[in-house]
Every structure is written in structure tokens, then in C-alpha cells.
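Residues: numbered from 1 along the sequence shown. Just so you know, ligand 1 is whichever comes first in the structure, and atom 1 is the first atom listed for that ligand.
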Amino acid sequence: MKVMVAVKRVVDFNVKVRVKSDGTGVDLANVKMSINPFDEIAVEEAVRLKESGIVSEVVAVSCGVNACQETLRTAMAIGADRGILVETDVELEPLAVAKLLKALVDKEQPQLVIVGKQAIDNDCNQTGQMLAALAGFAQATFASRVEIAEGHASITREIDGGLETVRLALPAVVTTDLRLNEPRYATLPNIMKAKKKPLETTTPAQLGVDATPRLTTLRTAEPPKRGAGVKVPDVAVLVEKLKNEAKVI
Ligand code: AMP
């Protein structure tokens, strides 16, 4: 059984992002970029399924600029067998990514596609769901446990009230939640090995997908700055201020 994993190149989660002075977006100049954390979890899960003998091949896919090759190498250092880069300089929206993944699903015929629940740069939480709809696959979002047996997947999902377990017929799309696993550190030998793994490059045009953006960003703004705090002499003053100034009690 083949698994496809989608990996997005995003601003590293440790970076404090800056808004461009003209408000048109986030400044990406000289900023550290990394694999989206939920996608690292997706790769780890796929590799664990391979290590347990359920999966025979893990294919990582990234869509975006040429530097997404690094993201694919990271996925391959964790254990993905090969990578596919859908190269474009166009800023991709979730629907375009879902269409590109659907085109690759048609070509590669994976039984399972694992994507992150959301990309930490746009927080869209849309791509997995759109892909499932386009491909006509079953879907389970926010997975915290994945079990595969006899053509089915049992997925435990994190929902508001607790945990829910659903059973899906394969092929299916699963999106990862934070507690699904703890990704391994890629070892130096595995990083070296990853450099030699196959990496194929294609384009939206070759896949027959129009990736032109449909949305326009009107404005990007930093959150309002927090005012300085004040020290209060005792509890009575604190309660008085919370009641009459902050009006929160
Ligand atoms: P989003 O719907 O944008 O929050 O993204 C959800 C998930 O879709 C991510 O965690 C990735 O697994 C996948 N994804 C989104 N954009 C890309 C991309 N450009 N390349 C590869 N995978 C992507």
C-alpha cells in the first residue's frame, strides 16, 4: 500500500513574523523556513506505518517554489522514499493545492493521503477536506491515532468533548493533529541518504491545473501592542480595578 504525504514549506514556528511595511503580507526576506509542523507529524506517521509493514512506499509532495526541495529532503530524511515537487512561483491557495494533490493522486493511486490539519502560515485548515471532496475519498480530520487493517482505517479524532473513533474505507484522506505522534529527529546518516533519494519535479501546467489565485489579500496587520502593566498594592485595589476599569468581573 502506498501513502502520499503533503509537506508545505512555511516560516519556522520559532520565528516572530513581521508584517511588510505596506501591509501586503508577511516579510519573508531572510526568514528561516521549515517543514510545516503538522506535516512533519504526517511524514512520521506514514514512516511508522511503513516500519510496521502495513505500507510499502511513502511519497512526499510539496507545492511551491524551487526551495520546497529542502522540505522534501527533510521528509525523506525522516523516512519518505521519494519526493515530488510541483514547482510554481504562484502563491498557492488551498483549493489550488488540493487540485494539484488530486492530479497526483490520480497518477500515483495512493490508498492513504496524510496531510497536516493546517498550515501554520495561513491557518486555513482546508486542503485535506477539499482534496477528499475532489478525489471522492473518505476523510478523517484531526487524527490523534491511526490504525490500518483490512482495507479500512480506524481513526481517533480530537473533538471538543473528547475523542471520537471513526472507521473509513480506503482510499482515504487523514489530517494530523498535534498529539498523533512525536516526530523523530533526522539523523545525519539519514540526512545524507535523503540527498540521494529520487526527487521528481513537475508543474501545475503539466498536471493540467490552473493555480491562479482567486483571493486578494486586502490588508495584513500586526496585533495591537499590549499596554504596560501596573502594580497594585493589595487585593482590594486589584478587585476594584478589575470591576471598574477592566470591567471583567
Ligand atoms: P491548509 O489548508 O493551507 O491549512 O493546509 C493544510 C495541509 O495541506 C498542510 O498541513 C499540508 O499538509 C497541505 N498543504 C497545504 N499547502 C501545501 C503546499 N503548498 N504544498 C504541500 N502541501 C500543502
Side-chain angles (χ1 to χ4, degrees), residues 3-13 17 25-26 28 33-47 58-76 78 80 82-105 107-108 110 112-135 137 139-144 146 155 157-158 172-181 183 199-204 206-207 209-215 217:
V3 177
M4 184 184 278
V5 185
V7 292
K8 185 176 187 187
R9 177 177 181 265
V10 295
V11 173
D12 188 272
F13 72 95
V17 290
V26 167
L28 295 182
M33 306 293 282
S34 299
I35 183 170
N36 184 48
F38 293 106
D39 304 352
E40 199 175 10
I41 294 171
V43 178
E44 173 68 34
E45 196 62 22
V47 172
V58 178
V59 184
V61 178
S62 192
C63 311
V65 293
N66 187 269
C68 294
Q69 285 196 23
E70 292 159 20
T71 318
L72 289 168
R73 294 290 173 205
T74 305
M76 290 189 269
I78 297 170
R82 61 188 169 94
I84 303 176
L85 168 65
V86 184
E87 191 174 346
T88 174
D89 290 333
V90 170
E91 199 170 323
L92 295 169
E93 290 167 2
L95 181 59
V97 176
K99 286 179 181 172
L100 295 170
L101 294 175
K102 157 75 169 68
L104 288 171
V105 160
K107 206 165 150 229
E108 295 282 341
L112 184 64
V113 183
I114 313 182
V115 308
K117 77 167 177 184
Q118 73 194 57
I120 61 163
D121 53 358
N122 60 16
D123 280 346
C124 278
N125 176 7
Q126 296 172 0
T127 309
Q129 295 89 324
M130 286 177 172
L131 170 63
L134 291 172
F137 282 12
Q139 63 168 306
T141 50
F142 313 146
S144 62
V146 172
I155 311 292
R157 308 182 54 237
E158 297 200 355
V173 176
V174 170
T175 79
T176 60
D177 215 324
L178 206 56
R179 280 161 290 274
L180 177 57
N181 62 49
L199 197 163
E200 180 193 330
T201 301
T202 181
T203 62
Q206 280 167 354
L207 294 173
V209 173
D210 176 6
T212 314
R214 293 158 171 244
L215 305 175
T217 303

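Protein heavy atom in closest approach to atom 13 (C) of ligand 1: Ala6 CB, 4.0 Å. Regarding atom 16 (N) of ligand 1, its nearest protein heavy-atom neighbour is Lys8 CD, 3.4 Å. Atom 1 (P) of ligand 1 has its closest protein heavy atom at Thr127 OG1, 3.4 Å.
Contact atoms of ligand 1 toward Val7: 20 (N), 21 (C), 22 (N) (distance under 4.0 Å to a heavy atom of the residue). Less than 4.0 angstrom separates some heavy atom of Val61 from each of these atoms of ligand 1: 21 (C). Proximity to Asn36 (heavy-atom distance under 4.0 Å) selects the following atoms of ligand 1: 9 (C), 10 (O). Residue-ligand proximity, Cys124 to ligand 1, at heavy-atom distances under 4.0 Å covers atoms 1 (P), 2 (O), 3 (O), 4 (O).
A donor and an acceptor atom, one from each side chain of Glu44 and Asn181, are nowhere located under 3.5 Å apart. When only modelled atom types and interatomic distance are considered, Gln126 and Asn122 share no side-chain donor-acceptor pair under 3.5 Å. Side-chain contact, Ser144 with Arg157: no donor N or O sits under 3.5 Å from an acceptor N or O.
Closest approach of Thr175 to Thr141, counting heavy atoms only: OG1-CA, 3.1 Å. Counting all heavy atoms, side chain and backbone alike, Leu112 lies closest to Val174 at CD1-CG2, 3.8 Å.
At a 3.5 angstrom cut-off on N or O pairs, Val115 does not count as close to ligand 1.
Considering each of Asn122, Asn125, Asp39, Val65, the one bringing a non-hydrogen atom nearest atom 11 (C) of ligand 1 is Asp39. Heavy-atom proximity to atom 14 (N) of ligand 1, evaluated over Ile120, Val97, Thr176, Leu72, is greatest for Val97. For atom 20 (N) of ligand 1, the choice among Pro94, Cys63, Ala211, Gly116 with the nearest heavy atom turns out to be Cys63.
Between Glu93 and Lys99 there is no salt bridge, since none of the side-chain N atoms of the basic residue sits less than 4.0 Å from a carboxylate O of the acidic one. Using a cut-off of 4.0 Å between Lys/Arg side-chain N and Asp/Glu carboxylate O, Asp39 and Lys8 are scored as not salt-bridged.
Counted within 6.0 Å of CD on Glu200, heavy atoms from surrounding residues, nucleotides or ligands total more than 12; the atom is thus considered enclosed.
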